[in-house]
Enquirer: 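What follows is a structure written as structure tokens; I'll ask about it next.
The figures here come from the full heavy-atom set of this structure, side chains too, leaving out hydrogens, waters and symmetry mates. Chain A is the first sequence line, chain B the second, and so forth, proteins listed ahead of strands; every chain is numbered from 1.
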Number of protein chains: 2
Amino acid sequence: MELEKFFPYRLAVLAEQVSLATAQVYRERFSLSRDDWRVLAALADQGEVRAADVKDRTTLDKMQVSRALARLEAAGLVARAADPDDGRAWRVRLLPAGTALYRKIVPMVQAREDYLLSDLTPQELEVLAGAIDKVEARARQLTRQG
Amino acid sequence: MELEKFFPYRLAVLAEQVSLATAQVYRERFSLSRDDWRVLAALADQGEVRAADVKDRTTLDKMQVSRALARLEAAGLVARAADPDDGRAWRVRLLPAGTALYRKIVPMVQAREDYLLSDLTPQELEVLAGAIDKVEARARQLTRQG
DNA sequence: TATTGTTATACTCTATAACTATA
DNA sequence: TATAGTTATAGAGTATAACAATA
């Protein structure tokens, strides 16, 4: 077996590089962690949502969401209010500063995304997107079965 | 921007799932870390090599290689001997137990790899492999430039 | 009794650099 | 002065579960 051709290895190396390239934007320029950034993106254009909704949109668990929200709140980007329908829950929403930050970051990360994919033809892009979905479905099956 | 369609996000989620599915084999059944497994694979069929060669084959840094080698040596899978050509370096090689373990793991992870990719046609596989190379090259450019 | 969200804790990983020995 | 490899240390990320409040 050649490590260089082993798909899980190739994918892990690729994902790490892409993650580094993308994180340079939100981490180094705006001091957000990956989880902060994901929660910010999940809250954008959403009005008020509950922490559980953020969880469903991000593949983060409730603890990661809770901590990211606490950091974003401390940074003045997010506000939490009691949920009138459920005393255990919170209604979370982006503050204007959060929306402004999000709108500042989006074009920067999208420019990086475009650059990352710029060597691919439209057909290749389509195959890639489909492959990601198919392989992920299989991976989840394996992980579930053990 | 939709997080669900943002390529770096999709890739990160995919890579995490694939990594979990693959690690179940070497971690849960054989108690190897990801770095251990990579070093084991890099040493297989190589005879004696230096730690620096392992580093070049794995994208691990010298510290990760050093620690993985120490664990593999403690587990009786790897032997280190002084390098006659360079007193600072080591010659590392798999012991029979290491080779045996490697040969036991390979078909298991390859079966998982096959299963992960089993929904893709040969053409799609080819596009995927090419896309991984192209995107990784771009990602490295971005990371280097900052 | 179950669920929402927070807190605690321990563990693993990662990043940086200091350090030893040799070149 | 540079290189091979080891060790130290701190920070970040991850996983598990206990917990308070409410349903």
Enquirer: So if you build clusters from Ile, Leu, Val, Met, Phe, Trp, Tyr with side-chain heavy-atom gaps below 4.5 Å, do L11(A) and L117(A) land together?
Expert: yes
Enquirer: Are L14(A) and L125(B) connected in a single hydrophobic cluster, I mean Ile/Leu/Val/Met/Phe/Trp/Tyr linked by side-chain heavy atoms less than 4.5 Å apart?
Expert: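 Yes, L125(B) connects to L14(A) through the hydrophobic network.
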Enquirer: Check whether any side-chain nitrogen or oxygen of S66(A) sits under 4.0 Å from OP1 or OP2 of dG5(C), and answer yes or no.
Expert: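 False: S66(A) side-chain N/O out of range (4.0 Å or more) of dG5(C) OP1/OP2.
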Enquirer: Thinking salt bridges, do D85(B) and R91(B) make one under a 4.0 Å N-O criterion?
Expert: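 Yes, this pair counts.
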Enquirer: For a quick test of reading the model, state the closest non-hydrogen atom pair linking K62(A) to K55(A) and the distance between them.
Expert: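 Looks like N-CD, 3.9 Å.
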Enquirer: Send over the distance from E16(B) CD to dG13(D) P, rounded to a whole Å.
Expert: 13 Å
Enquirer: Rounding to an integer number of Å, can you tell me how far L72(A) CG sits from dG5(C) P?
Expert: 15 Å
Enquirer: Nearest-Å distance, CD (E73(B)) to P (dG5(D))?
Expert: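 From E73(B) CD to dG5(D) P: 13 Å.
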Enquirer: Taking N or O atoms only and anything under 3.5 Å, show me the protein contacts with nucleotides 20-22 of chain D, one pair per line.
Expert:
{"unit_1": "dT22(D)", "atom_1": "O3'", "unit_2": "G87(A)", "atom_2": "N", "d": "3.4"}

Enquirer: Atom OH of Y102(B) and atom CG of L32(B): how far apart are they, to the nearest 0.5 Å?
Expert: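 So the OH of Y102(B) and the CG of L32(B) are separated by 12.5 Å.
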Enquirer: State, to 0.1 Å, how close A21(A) and A139(B) come at their nearest heavy-atom pair, and which atoms those are.
Expert: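 Distance-wise, the nearest heavy atoms are CB-O, 3.9 Å.
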Enquirer: I need the CH2-P distance between W90(A) and dT6(C), as an integer number of Å.
Expert: 7 Å
Enquirer: Look at the rings of Y26(A) and W37(A) and say which category their plane angle falls in: under 30° parallel, 30 to 60° tilted, over 60° perpendicular.
Expert: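 Rings of Y26(A) and W37(A): parallel, under 30°.
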Enquirer: Tell me whether the side-chain N or O atoms of R80(B) pair up with the base of dA4(D) as donor and acceptor below 3.5 Å, since no angle test is needed here.
Expert: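 Such a pair does not exist between side chain and base.
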Enquirer: Begin from the C-alpha positions of R112(A) and Q24(A) and carry the test side chain to side chain donor-acceptor pair (under 3.5 Å) through to its verdict.
Expert: CA-CA 10 Å; R112(A) 296 217 154 198; Q24(A) 282 183 332; 2.9 Å; yes
Enquirer: With side chain to side chain donor-acceptor pair (under 3.5 Å) as the rule and sequence neighbours excluded, what pairs involving residues 125-135 of chain B come up?
Expert: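 Checked against side chain to side chain donor-acceptor pair (under 3.5 Å) - neighbours excluded - the pairs reaching residues 125-135 of chain B are R10(A)-D133(B), E124(A)-K134(B).
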Enquirer: Any residue in residues 55-64 of chain B with a heavy atom nearer than 4.0 angstrom to DNA chain C? Just list them by number, or reply none.
Expert: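 Only M63(B), Q64(B) qualify.
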Enquirer: Among residues 18-54 of chain A, which ones have heavy-atom contacts with DNA chain C below 4.0 Å?
Expert: R50(A), A51(A), A52(A)
Enquirer: Map R71(A) and A70(B) onto DNA chain D by nearest heavy atom, then report which one ends up closer to the 5' terminus.
Expert: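 Between the two, 5'-proximity favours A70(B).
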Enquirer: From CG of D85(B) over to P of dA4(D), roughly how many Å is that when rounded to an integer?
Expert: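 Interatomic distance, CG of D85(B) to P of dA4(D): 14 Å.
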Enquirer: Show the atom names and distances, to 0.1 Å, of all donor-acceptor pairs under 3.5 Å that link a side chain in residues 40-52 of chain A to residues at least two apart or in another chain.
Expert:
{"unit_1": "Q46(A)", "atom_1": "OE1", "unit_2": "R57(A)", "atom_2": "NH2", "d": "2.8"}

Enquirer: Rounded to whole angstrom units, what separation is found between the CD atom of Q17(B) and the C1' atom of dT14(D)?
Expert: 15 Å
Enquirer: Distance-only criterion, 3.5 Å: show the donor-acceptor pairs between side-chain atoms of residues 66-79 of chain B and protein atoms not counting sequence neighbours.
Expert:
{"unit_1": "R71(B)", "atom_1": "NE", "unit_2": "D36(B)", "atom_2": "OD1", "d": "2.9"}
{"unit_1": "R71(B)", "atom_1": "NE", "unit_2": "D36(B)", "atom_2": "OD2", "d": "3.4"}
{"unit_1": "R71(B)", "atom_1": "NH2", "unit_2": "D36(B)", "atom_2": "OD1", "d": "3.0"}
{"unit_1": "E73(B)", "atom_1": "OE1", "unit_2": "R80(B)", "atom_2": "NE", "d": "3.1"}
{"unit_1": "E73(B)", "atom_1": "OE1", "unit_2": "R80(B)", "atom_2": "NH2", "d": "2.6"}

Enquirer: Just how far, in rounded Å, is C1' of dG11(D) from CZ of R67(A)?
Expert: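 So the two atoms are 14 Å apart, to the nearest Å.
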